[in-house]
Amino acid sequence: QVQLQESGPGLVNPAQTLSLTCSVSGTSITVSNYAWSWMRQPSGKGLEWLGVITYDGNTYYNPALKSRASISRDASEFSLQLNSVTLEDTAVYFCARIGWPRGTYYGVEYWGKGTPVAISS
């Protein structure tokens with residue numbers, strides 16, 4: 001049973017760095033043909049894709065956030081760092097597993113429950 005759980009601070013000051021972790025259980029993040037993704041949803045707005053790290057360690061980012069976002073992985077978790085946050089980064093942040101066979105995007109297979117993050121001083 002694959003389970004994902006987001007964790008991190010619920011409140012971050014403007015201009016600081018947001019750091020979130022997605023804990024993965026029931027599988028390994030290095031299993032072939034999968035990738036691990038971060039997304040977010042501001043209140044009342046649509047879901048925004050932030051980036052992924054693939055099973056073999058390659059990263060891909062939303063061009064709008066590429067200069068500020070970084071995704072990394074550990075043995076049983078992967079993380080998002082978002083630098084220089086502003087009020088517009090306030091959102092519910094989600095982690096997810098996506099299919100990635102032969103480098104082809106196959107969509108979301110599992111979701112975390114999401115964790116709200118407010119940017120405020």
Give, for atom CD of E88 and atom CD1 of I119, the distance between the pair rounded to the nearest 0.5 Å.
->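 That separation rounds to 10.0 Å.
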Subject >> From D89 atom CG to L50 atom CG, the distance as rounded to the nearest 0.5 Å >> reply: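 So the CG of D89 and the CG of L50 are separated by 9.0 Å.
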Membership question, hydrophobic clusters at under 4.5 Å side-chain separation (ILVMFWY): are [Y] and [X] in the same one?
X: L80; Y: W100; answer: no
X: V52; Y: V24; answer: no
X: I98; Y: L20; answer: no
X: L65; Y: F78; answer: yes
X: V2; Y: I29; answer: yes

Under 3.5 Å: donor-acceptor pair, side chain of [X], backbone of [Y]:
X: S23; Y: E77; result: no
X: R73; Y: Y55; result: yes
X: E6; Y: G114; result: yes

For S121 and N13, which I'm curious about, is there any donor-acceptor pair between the side chains at under 3.5 Å?
no
Out of the candidates V85, V12, N83, only one should pair with T17 under the side-chain contact (heavy atoms from CB on, under 4.5 Å) rule; please name it.
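Testing each of V85, V12, N83 against T17, the sole residue satisfying side-chain contact (heavy atoms from CB on, under 4.5 Å) is N83.
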Quick one, [X] and [Y] - any side-chain contact, counting heavy atoms below 4.5 Å?
X: T86; Y: P14; answer: no
X: S79; Y: W38; answer: no
X: L18; Y: V117; answer: yes
X: Q1; Y: Q3; answer: yes
X: I71; Y: W36; answer: no
X: L82; Y: R40; answer: yes
X: M39; Y: V108; answer: yes

Taking it one step at a time, do T115 and S7 satisfy side-chain contact (heavy atoms from CB on, under 4.5 Å)? CA-CA 7 Å; T115 186; S7 63; over 6 Å; no
task: Please report the closest heavy-atom contact between P9 and S19, naming both atoms and the distance.
output: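 Nearest heavy atoms, P9 then S19: CD-O, 3.3 Å.
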Tightest non-hydrogen contact, residues R102 and N33, listed as N-OD1, 3.8 Å
Quiz item: Which is it for F94 and L47 under the side-chain contact (heavy atoms from CB on, under 4.5 Å) test, yes or no, and what are the steps along the way?
Solution: CA-CA 10 Å; F94 298 89; L47 193 66; 4.1 Å; yes
### Message
Please report whether the ring centroid of Y105 lies less than 6.0 Å from that of W49.
### Response
no
Practice prompt. Tell me, please, whether Y110 has R97 positioned over its six-membered ring: NZ or CZ under 6.0 Å from the ring centre and within 45 degrees of its axis?
Written response: no
